[in-house]
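We name chains A, B, ... by the order of the sequence lines, and we start the count at 1 in each one.
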There are 2 protein chains.
Amino acid sequence: MPVATNEASTAERILDVAEGLVQVRGFNGFSYAHVAGELGITKASLHYHFPGKGELGEALIERYATRFADALGAIDRDALDALAKLHAYAELYSGVLRGDRMCLCGMLAAEYETLPEAMGAAIVRFFDANEAWLAGVLDAGRDDGSLAFAGKSSDAAQTILAGLEGAMLVARPYHAPERFEVAADRLLGTFAAPSGAPNRLR
Amino acid sequence: MPVATNEASTAERILDVAEGLVQVRGFNGFSYAHVAGELGITKASLHYHFPGKGELGEALIERYATRFADALGAIDRDALDALAKLHAYAELYSGVLRGDRMCLCGMLAAEYETLPEAMGAAIVRFFDANEAWLAGVLDAGRDDGSLAFAGKSSDAAQTILAGLEGAMLVARPYHAPERFEVAADRLLGTFAAPSGAPNRLR
DNA sequence: GTCTATAGGCAGATAGAC
DNA sequence: GTCTATCTGCCTATAGAC
């Protein structure tokens, strides 16, 4: 069992730097030289930890998806009402954008056609997991009357995911995170029940 | 004055091929070699028409924006009601996606941080023009009662643009254009006036 | 685990012949 | 306008010493 320490492992630090680079510049816009330079090690050392760029990319998505799933679990544990959960979800994106970054998987979705198959599959799994969580929140909210919307919750979940990813995408060229907030609030506002309070009769 | 002909000029054919490559693979995912190969000419010839990749990129956005503006003008001339105009606007995106392409400027927005300044500025102008047109349609629709929404029309326009760009971005990894339709219809549905008919009292 | 050294390929770009 | 030939630089990746 490894001893607990404040120092992150080299592999973790590589992932940290690479993650930032991909979220800002894209998978085709960063290189081993970028990562090695920022870490003060050589390109050859990177290949010891991640044999190729594809494997590094897979590890990046894997870790990002796990961290995201943990954040969704934390939102669930806070026992907020459905609308507050949706806003907490949007706040996750907001934090990413304030770091001048795009969602990792949103960025990779743009480059999808140039990526190794394994990375593409991992991206789809990330979106699926997010939509499943959103659909659960939407169903619960409609059941207790705190949310109001027509149609399938899975369709609504797709709309929310797409809206938030798009809001990040468009906000970045403006260097204006508030553009994201405006679009996110509007989007989520369309799901609030008219009364504003849960309907206790259902 | 040049004689009219069915043959596109070499510069135009370069733009055609490069446009497709950027919309599928991104600006950092295509090369002069790709374009030259598909056209059956050499890389050196490309440099005669476009001195550098940056200039080619600028020309790409310029032409794309002009074509988009023309399409918006055509929608205006069809004298549809506001909601129909919004759906016609979404249909523009739909057509791009059915060609397995991302919106050119949506793709470039992801890569924004790696692009020459002139390209970045042109991308912002594209988004600005789209939002201005959308805001005009939204204002007109609210005035004649065919649309209903709260807040500033410019904020609503941002939400629509972001939602459609995001819906394209997320739909592509699924190779499922219908995912776009679902999100787009839901998004635009939130702007329809409750009665469905124009309010003649305003 | 990290290094030096290097391979082999592809990138964007230029000079100059035709 | 398009070509051949070439340059320089960066890319991913590997071999092998320490």
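- The closest donor-acceptor contact from the side chain of B/Glu165 to the backbone of A/Ala167 lies at 3.5 Å or more, if one exists at all.
- Place B/Lys43 and B/Thr10 on DNA chain D by their nearest nucleotides, and B/Thr10 ends up nearer the 5' end.
- At distances below 3.5 Å, not a single donor-acceptor pair connects side-chain atoms of A/Ser45 with backbone N or O atoms of A/Ile41.
- B/Phe191 has its ring centre no less than 6.0 Å from the ring centre of B/His87.
- Of the residues in residues 28-42 of chain B, B/Phe30, B/Ser31, B/Tyr32, B/Ala33 come within less than 4.0 Å of DNA chain C through at least one heavy atom, sorted by number.
- Atom CG of residue A/Asp144 and atom CG of residue A/Asp139 lie 11.0 Å apart, to the nearest 0.5 angstrom.
- The main-chain N or O of B/Ala150 is found under 3.5 Å from a side-chain atom of A/Arg186 such that the two form a donor-acceptor pair.
- Heavy-atom contacts from other residues, nucleotides or ligands closer than 6.0 Å to CD of B/Glu91 number more than 12.
- With a heavy-atom cut-off of 4.0 Å to chain A, the contacted part of DNA chain C has its first and last nucleotide at C/dG1 to C/dT4.
- Between the side chains of A/Glu181 and A/Ser94, at least one donor-acceptor pair of N or O atoms lies under 3.5 Å.
- Side-chain contact, A/Ser146 with A/Asp81: no donor N or O sits under 3.5 Å from an acceptor N or O.
- The aromatic rings of B/Tyr64 and B/Phe126 sit tilted relative to each other, their planes meeting at an angle between 30° and 60°.
- A heavy-atom distance below 4.0 Å to DNA chain D is reached by these residues of residues 53-64 of chain A, ordered by number: A/Lys53.
- Between the B/His34 side chain and the B/Ser31 main chain, a donor and an acceptor come within less than 3.5 Å of each other.
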